[in-house]
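In what follows, a single structure is set out as structure tokens and then discussed.
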Amino acid sequence: MTKEVRTRFAPSPTGFLHVGGARTALFCYLQARAHDGTFILRIEDTDLQRSTPESVRAILDGMEWLGLDYDEGPYYQTQRFDRYAEVVQQLLNEGKAYHCYCSKERIEAIREEQMKAGAKPRYDGHCRDLDQPPQGSGFVASPVVRFRNPIQGTVVFEDLVRGQISISNGELDDLVIARPDGSPTYNFTVVVDDLDMGITQVIRGDDHINNTPRQINIYHALGAEHPQFAHVPMILGDDGARLSNRHGAVGVMQYRDDGYLPQALLNYLVRLGWSHGDQEVFSRDEMIEKFSIRDVNRKASAFNTDKLDWLNQQYIKNLPNEEVAVHLQWHFAQAGLDPADGPSLADLVSVQADRVKTLKEMTQLSRSFYADFEHFDPGAAKKHLRPVAEQALRAIGSRLADLSRWEPERLDAVVRLTAEELEVGMGKIAQPLRVALTGTAVSPSIDKTLWLTGRDRSLARIARALEYVLIRAAAS
RNA sequence: GCUCCCUUCGUCUAGCGGUCCAGGACGCCGCCCUCUCAAGGCGGAAACACGAGUUCGAUUCUCGUAGGGAGCGCCA
């Protein structure tokens, strides 16, 4: 008996898909998936001035990277102008809309006056009941079409996240639904589309709350029931200030470039304004199963990169190495590294997962396993490649050269044995060796570092470090 | 200015009248582990914006105040 759930994400292509939009899209997606419903993508491109094909592409790319697949669309409003014109004519015929000849200057003058008087600026309804076009200054020949909003009564609706919201019709005025050239405006097209597309739940940013009552009046004028509404709060930047295209908003693709996994971003986003007890990590299926739009918070929330970092690492650690490797490959390409020049990326992930927050970081820290380095880090060399390291490097070098199988367990045993024989701590062997192998004082545990560096490369680098130590000893 | 909306640790949040001298997570601090850096384990500091009601009892309900946000477009 219940209607099929149909949700839509309806961005306007005036920029990239940022995290706020991505979260709205995610909520729409989850709502649909949770109810075996349909998720629709609709591009609201009626503003010919600001919409661009590049933005459409950017939004589509963002959706794809996040894996928010839609069942219908993308629909484009610019391809539906005939339909809007048809509905405008219908309202005109039924007397539910009328032509308004007021000039922008006249409207502006009224607005200023009302503001000065401390009132809310509204259209004064001059053309609402005219028999024929008005003449004189203040009026133009080509009219806009205004919706005849009810004067009496109050619009009350039950918002899925805010609860009951009511606004008196006295607060609303007759909004323009079509421009002189016939092109429709937002508050009108959104109603026609949501109606035509059978949308059951409109999930959108809370900046639309104030538009909702006037849209509801249009639904009624069209003789239709309005869908349910869910207004989700916006996302603030790290600094608590509003996240917008002008301030700090970055496209979701930037997160890919910075080394985040789409799963991690999605997980982070779903927890912004929504929770399920104390649970922090949700697989896609768990999100679908547990998400409810009714559980979404009312408060705006600030984006916290530290927590995203943590989640990203959780995913890097817990996802199958092979899966992480697929994403890592892209970063290798960006960095000009070829995975074929070193250990398998899955092996690399298995040892680096604990040590990095992002794939970009992993790539940077893994460079020496795939390519030679020019110089030792000055600080590391100064501290660890001292004359006293000669003995350690010689000993470990010759033992490693004799090793038949290059495996972590054996490598670990060799290092330990060498330390015991020389009667020194592990650090006295491992640190010079680490600098010899990677050029730096920081790397995975020494056995794993040897393993990933590989036999030939390791032996060559130990020899090179030995040479460096000898030259340095001779110089002093 | 007018209308609508919001308000628990620094941040994300749990809480749906007594179970709360408020729980979890990130971050931060300390200890442990340790070949470096991490990861991990253990512990710690840290919040109900304020004021009135309602009630035997308010973080939880109501109303104000303060602060914040949004809208008031021939943008979406």
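Below, chains carry the letters A, B, ... as their sequence lines are ordered, and counting in each starts from 1.
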* **Letter per nucleotide, 5' to 3', of nucleotides 58-63 of chain B [B base touched, S only sugar-phosphate touched, - untouched; heavy atoms, 4.0 Å]** => ------
Protein and nucleotides 4-7 of chain B: nitrogen or oxygen contacts under 3.5 angstrom:
{"from": "B/C5", "atom 1": "O2'", "to": "A/Arg162", "atom 2": "NH1", "distance (Å)": "2.3"}

* Can you check whether any acceptor in the base of B/G24 is under 3.5 Å from a donor in the side chain of A/Glu280, or vice versa? => yes
Pairwise N/O distances under 3.5 Å, protein to nucleotides 29-32 of chain B:
none

Shorter than 3.5 Å, N or O on both sides, protein versus nucleotides 38-44 of chain B: list them out with atom names.
{"from": "B/A38", "atom 1": "O2'", "to": "A/Asp354", "atom 2": "O", "distance (Å)": "2.5"}
{"from": "B/A39", "atom 1": "O4'", "to": "A/Asp354", "atom 2": "O", "distance (Å)": "3.1"}
{"from": "B/A39", "atom 1": "O3'", "to": "A/Lys317", "atom 2": "NZ", "distance (Å)": "2.8"}
{"from": "B/A39", "atom 1": "O2'", "to": "A/Lys317", "atom 2": "NZ", "distance (Å)": "3.2"}
{"from": "B/A39", "atom 1": "O2'", "to": "A/Asp354", "atom 2": "OD1", "distance (Å)": "3.4"}
{"from": "B/G40", "atom 1": "OP1", "to": "A/Lys317", "atom 2": "NZ", "distance (Å)": "3.3"}

* Taking OP1 and OP2 of B/A76, is either one under 4.0 Å from a side-chain nitrogen or oxygen of A/Thr46? -> yes
* To do: Not counting sequence neighbours, which residues clear salt bridge (Lys or Arg N to Asp or Glu O under 4.0 Å) with A/Arg464? List them please.
  => none
* To do: Considering just the side-chain nitrogens and oxygens of A/Ser275, establish if one lies under 4.0 Å of OP1 or OP2 belonging to B/A14.
  => yes
* Specify the separation, in whole Å, of atom NZ of A/Lys290 and atom C1' of B/U13. => 16 Å
* **Geometric cation-pi criterion, A/Arg146 with A/Tyr123: 6.0 Å, 45°** => yes
* Structure fact -> Residues of residues 445-452 of chain A with a heavy atom under 4.0 Å from any atom of RNA chain B, listed by number, are A/Ser445, A/Ile446, A/Asp447
* Check every strand shown and say whether A/Ser443 touches a base, only sugar-phosphate, or nothing at a heavy-atom separation below 4.0 Å. => base
